[in-house]
2 protein chains.
Amino acid sequence: MTKGRTDTAVKIMDVAQELIQSCGYNAISFNHIAERVGIRKPSIIHHFPNKEALGQAVVRRYREVFAAVLEKVAEAPDKTAIDAFDLYCTPYLEFGGTPDKICLCGALAGEFMALPENVRAEVARFFREHIIWLEGILRRGVESGDFAFKGDPAIKAKLILDALQGALIVKRATGDTDQVTQVVAALRDSITG
Amino acid sequence: MTKGRTDTAVKIMDVAQELIQSCGYNAISFNHIAERVGIRKPSIIHHFPNKEALGQAVVRRYREVFAAVLEKVAEAPDKTAIDAFDLYCTPYLEFGGTPDKICLCGALAGEFMALPENVRAEVARFFREHIIWLEGILRRGVESGDFAFKGDPAIKAKLILDALQGALIVKRATGDTDQVTQVVAALRDSITG
DNA sequence: GTCTATACAAAGATAGAC
DNA sequence: GTCTATCTTTGTATAGAC
């Protein structure tokens with residue numbers, strides 16, 4: 001599914017995503033993006049009619065790529081619930097390994113009330129999908145005996161998502177390079193019993 | 001400690017803080033602040049030389065007020081570790097009860113790389129102080145028998161802070177009004193054994 | 001301490017040449 | 001598809017009157 005996007009359009013989205021993950025939505029501009037892509041400011045408009053459309057496209061792609069991976073692992077018969085959990089944590093560990101990047105939706109959520117409506121909707125949907133997916137994995141793990149924990153899986157799912165998102169933003173601010181790894185391990189322990 | 005601030009200066013800080021909690025740092029302007037305070041844009045400059053100075057003053061006050069409360073409860077001989085934990089969660093529950101506000105430092109952390117140096121420093125210090133305080137409370141609770149949990153208190157402290165910060169940003173985006181309450185309860189259960 | 005007026009830069013966006 | 005040139009708005013900040 002290429003959505004008919006040209007190479008330039010994809011490159012614009014890649015750069016925009018990286019910049020938002022570092023600096024947020026309101027801090028970045030067409031100029032910043034154009035500079036890194038190697039084109040001029042108005043050329044972006046040819047690919048995306050305005051900033052809101054670009055923002056929405058970036059978050060939508062991020063959400064859909066994430067969702068496709070999660071769906072695939074949830075349906076793979078050879079993957080255990082533990083495998084699924086570990087896989088879920090992979091991007092968080094990856095972002096946590098950088099000095100300046102957090103989850104795209106975590107960055108956007110910090111300035112939520114200052115986002116265009118369409119971008120907000122994508123961010124909200126991202127979080128909702130992840131909570132539902134996590135709850136499903138937790139229930140599967142409990143049934144299979146891989147997981148053992150107290151409390152409602154639905155709430156545990158929220159706790160996991162919240163802790164991972166929070167770990168990224170706090171880690172980047174404090175510079176505590178081990179924080180995300182430590183929190184992932186603690187969460188893992190808390191569900192594997 | 002009034003720091004010699006006039007009523008207007010305090011009002012400017014109050015409004016600026018609220019706006020940052022809702023919209024972030026880069027989305028707000030002197031105009032937005034001035035409008036709500038009921039003065040004109042350049043009048044703000046009389047109280048704070050520039051946006052960075054205002055931002056730093058706001059975060060610094062927030063951090064110091066928080067720190068003073070935490071220090072007081074940590075030193076109160078009649079307060080148990082559970083009391084201290086519950087008190088720590090109070091502001092998070094309060095923000096979670098609003099439709100649009102999160103922790104000031106959680107909001108700023110989302111756009112960390114786009115913040116002035118001085119503001120960054122205050123945000124980082126806020127998180128570090130909270131992790132240290134939480135670790136102290138956790139150790140005290142373990143010693144007193146109020147708390148019982150597996151793992152390193154230092155890491156548990158990070159997990160708690162991360163989960164609370166994450167709960168606020170995710171909750172605001174999804175509109176799941178119960179989320180913060182649920183996560184606080186789950187965290188409480190996880191340390192009281 | 002607050003105002004009007006203004007300077008100056010940067011933002012998002014458009015028009016039209018190539 | 002990309003460019004230059006331009007428009008309009010908004011941002012931070014300053015000067016100086018009151």
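Chain naming here is simple, since letters A, B, ... match the order of the sequence lines and numbering starts at 1 in each.
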Please report the shortest heavy-atom distance between [X] and [Y], naming the atom on each side.
X: B/Phe149; Y: B/Ser190; value: CB-O, 3.4 Å
X: B/Gly55; Y: B/Val119; value: C-CG2, 4.0 Å
X: A/Tyr92; Y: A/His130; value: OH-ND1, 4.1 Å
X: B/Gly106; Y: B/Ile102; value: C-CD1, 4.0 Å
X: A/Glu117; Y: A/Glu52; value: N-OE2, 4.4 Å

*Any cation-pi pair here, B/Arg120 with B/Phe112, using under 6.0 Å and within 45°?*
yes
All N/O pairs under 3.5 Å across the protein-nucleotides 16-18 of chain D interface:
none

_Please give me every residue in residues 26-34 of chain B whose heavy atoms get under 4.0 Å of an atom in DNA chain D, ordered by residue number._
B/Ile28, B/Ser29, B/Phe30, B/Asn31, B/His32
_Within residues 35-50 of chain A: residues closer than 4.0 Å to DNA chain D (heavy atoms)_ = A/Ile39, A/Arg40, A/Pro42, A/Ser43, A/His46, A/His47
Tell me which donor-acceptor pairs under 3.5 Å the side chains of residues 30-43 of chain A have, and how far apart each pair is, sequence neighbours excluded?
residue: A/His32; atom: ND1; partner: A/Ser29; partner atom: N; Å: 3.0
residue: A/His32; atom: ND1; partner: A/Ser29; partner atom: OG; Å: 3.1
residue: A/Ser43; atom: OG; partner: A/Arg40; partner atom: O; Å: 3.4

_Per the salt bridge (Lys or Arg N to Asp or Glu O under 4.0 Å) rule, what does the pair list look like for residues 168-186 of chain A, sequence neighbours excluded?_
A/Asp176-B/Lys158
Result block: side-chain N/O donor-acceptor pairs under 3.5 angstrom for residues 66-78 of chain A, not counting sequence neighbours:
none

*Would you mind reading off the distance between B/Lys11 atom NZ and C/dG1 atom C1', rounded to a whole angstrom?*
14 Å
*Grab the CZ-P distance between A/Arg5 and D/dG1 for me, whole Å please.*
14 Å
_Any salt bridge linking B/Lys79 with B/Asp86? Criterion: basic side-chain nitrogen under 4.0 Å from a carboxylate oxygen._
no
